[in-house]
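Input: a single structure, listed below in structure tokens.
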There are 2 protein chains.
Amino acid sequence: MHQPEHLKSAGLKSTLPRLKVLDLFENSKERHLSAEDVYKQLLGSGEDVGLATVYRVLTQFEQAGLLVRHHFEGGKSVFELNKGDHHDHIVCLQCGHVEEFYDAAIETRQEKVAAGLGFAIRDHALHIYADCTKKKCPHKR
Amino acid sequence: MHQPEHLKSAGLKSTLPRLKVLDLFENSKERHLSAEDVYKQLLGSGEDVGLATVYRVLTQFEQAGLLVRHHFEGGKSVFELNKGDHHDHIVCLQCGHVEEFYDAAIETRQEKVAAGLGFAIRDHALHIYADCTKKKCPHKR
DNA sequence: ATGCAAATAAGAACGATTATCATTCGCAGC
DNA sequence: GCTGCGAATGATAATCGTTCTTATTTGCAT
């Protein structure tokens, strides 16, 4: 792993905390992590980063376009690697796992509706909160 | 205005703060109000209610089905009178005004997508953040 | 009117996040 | 490879929205 280029092109110095956070997002099982998730996972790996630094780095990465921030219910911000695509989210009410999906029909309908009301869409968020219908929820929190 | 019945049927005593909050939602220009909006408007009207009471009452009203709570970006909860219908929201990025809409096609597509992924929808929120395309944004903050 | 459970107001407490600031680090220039 | 300086960090205080605690007040059935 040598993403220093990512950081460099974003105008950010390649520091240890930043490399660690980026690495975490690229190698973690869960794509969607909160600031505290990141902080705890780093501590768990023996890394010594401050919580304040985690928040700072996440915000910088968001501004640099490396991460995308989401506001699901529950108050806390959740981040994921920016794959460049747009997608919406289903949040499992049982385990908190976040599934992604994209539906072209929904996207175009949104544009139509907004245009009809005299708005130009800048951004949107579709969050579905649902129960997994499989017998046992397959995702562990 | 005599909504004591609303309160009564919800199992809530008809107290002054509760009546005032309910009245505010029924007579305010903006349908969507945060706890602080409610608190400030009441203070402005010379009413003397505590902020804690506002939060308590809003939560009770939500549980009683009188109000619906929304989580837009920005962290704070926003409430509106429960009209019984479901609708989604467009938030004007200029003035913060919230416009409501309902699109059957979007709703059905959501169900299909969720079912296809093995989820049973419990709740969902579609928030569109957009710019008003009219020359001057007609809504004042 | 009286009493008591329920509701209130004020402020403390809380969780998530941001700001402050002294110390440390990355890295360009020597 | 060393130096120096501005940027980045970590510890902690501060902030913001919200909830909890508790002593006091209120609605309302009697």
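Atom set for the values below is all heavy atoms of this structure, side chains included, hydrogens, waters and symmetry mates excluded. By convention in this document, chain letters (A, B, ...) are assigned in the order of the sequence lines, proteins followed by strands, and residues within each chain are numbered from 1.
- Computed from coordinates, the A/R56 CZ to D/dA11 P distance equals 11 Å when rounded to whole Å.
- Between B/E62 atom CD and D/dT18 atom C1' there is a gap of 13 Å when expressed in whole angstrom units.
- Using a 4.0 Å heavy-atom criterion, one finds that A/T53 contacts the bases of the nucleic acid, with or without backbone contacts as well.
- The OG1 atom of A/T59 lies 5.5 Å from the CZ atom of A/F79; values are rounded to the nearest 0.5 Å.
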Side-chain donor-acceptor distances from residues 44-58 of chain A under 3.5 Å, at least two apart:
unit_1	atom_1	unit_2	atom_2	d
A/S45	OG	A/Q41	O	2.8
A/E47	OE1	A/K20	NZ	2.9

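- Nearest-nucleotide mapping onto DNA chain D: of B/S34 and A/V49, the residue sitting toward the 5' end is A/V49.
- Between A/V57 and B/A52, the residue anchored nearer the 5' end of DNA chain D, judged by the nucleotide with its closest heavy atom, is A/V57.
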Could you list the donor-acceptor pairs under 3.5 angstrom formed by side chains in residues 61-71 of chain B, with sequence neighbours left out?
unit_1	atom_1	unit_2	atom_2	d
B/E62	OE1	B/R69	NE	3.0
B/E62	OE1	B/R69	NH2	3.0
B/E62	OE2	B/R69	NE	3.4
B/R69	NH1	B/S77	OG	3.1
B/H70	NE2	B/E80	OE2	2.6

Query - From CA spacing to verdict: ring-ring contact (aromatic ring centres under 6.0 Å, His included), B/H127, B/F72 - result: CA-CA 7 Å; B/H127 300 156; B/F72 298 129; 4.6 Å; yes

Identify each donor-acceptor pair in which a side-chain atom of residues 107-122 of chain A lies under 3.5 Å from a protein atom, sequence neighbours left out, and give them as a table.
unit_1	atom_1	unit_2	atom_2	d
A/E107	OE2	A/H86	NE2	3.2
A/T108	OG1	A/A104	O	3.3
A/T108	OG1	A/A105	O	3.0
A/R109	NE	B/D103	OD1	3.2
A/R109	NE	B/D103	OD2	3.2
A/R109	NH2	B/D103	OD1	2.5
A/Q110	OE1	A/H124	ND1	3.2
A/R122	NE	B/D131	OD2	2.9
A/R122	NH2	B/D131	OD2	3.0

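- Looking at B/E99 and B/H89, their side chains never bring a donor and an acceptor atom within 3.5 Å of each other.
- Distance CG (A/L51) to P (D/dA14): 17 Å, rounded to an integer number of Å.
- Counting to the nearest Å, the C1' atom of D/dG6 and the NZ atom of A/K13 are 6 Å from each other.
- Between the CG atom of A/L7 and the P atom of D/dT9 there is a distance of 10 Å, given to the nearest Å.
- Annotation: the span from B/E100 atom CD to B/D88 atom CG amounts to 10.0 Å, rounded to 0.5 Å.
- Side-chain nitrogen and oxygen atoms of B/Y55 include none within less than 4.0 Å of the OP1 or OP2 phosphate oxygen of D/dT19.
- One finds the CD atom of B/E26 at 10.0 Å from the CG atom of B/L19 (value rounded to the nearest 0.5 Å).
- Within a heavy-atom distance below 4.0 Å of DNA chain C, no residue of residues 69-81 of chain B is found.
- When the C1' atoms of four end pairs are superposed on the next four at each end of the helix from C/dA1-D/dT30 to C/dC30-D/dG1, using five pairs per end, the two resulting axes differ in direction by 20°, to 10°.
- Atom CG in B/L16 sits roughly 10 Å away from atom C1' in D/dT26 (whole-Å rounding).
- Across all strands shown, A/R18 has heavy atoms under 4.0 Å from sugar-phosphate atoms exclusively, and none from any base.
- Nucleotide D/dT15 holds its C1' atom 13 Å from the CD atom of B/E36, rounded to whole Å.
- Contacts between chain A and DNA chain C, taken as any atom within less than 4.0 angstrom of a protein heavy atom, begin and end at C/dA16 to C/dC27.
- At whole-Å resolution of the value, NZ in B/K40 and C1' in D/dC16 are 12 Å apart.
- Only one option out of A/I128, A/V98, A/L126 pairs with A/I90 in a side chain to side chain contact (heavy atoms under 4.5 Å, CB included); it is A/I128.
- To the nearest 0.5 angstrom, A/L12 atom CG is 8.5 Å from A/T15 atom OG1.
- Between the side chain of A/Y129 and the backbone N or O of A/E73, at least one donor-acceptor pair lies under 3.5 Å.
- To the nearest 0.5 Å, atom CG of residue B/D123 and atom CG of residue A/L93 are 8.0 Å apart.
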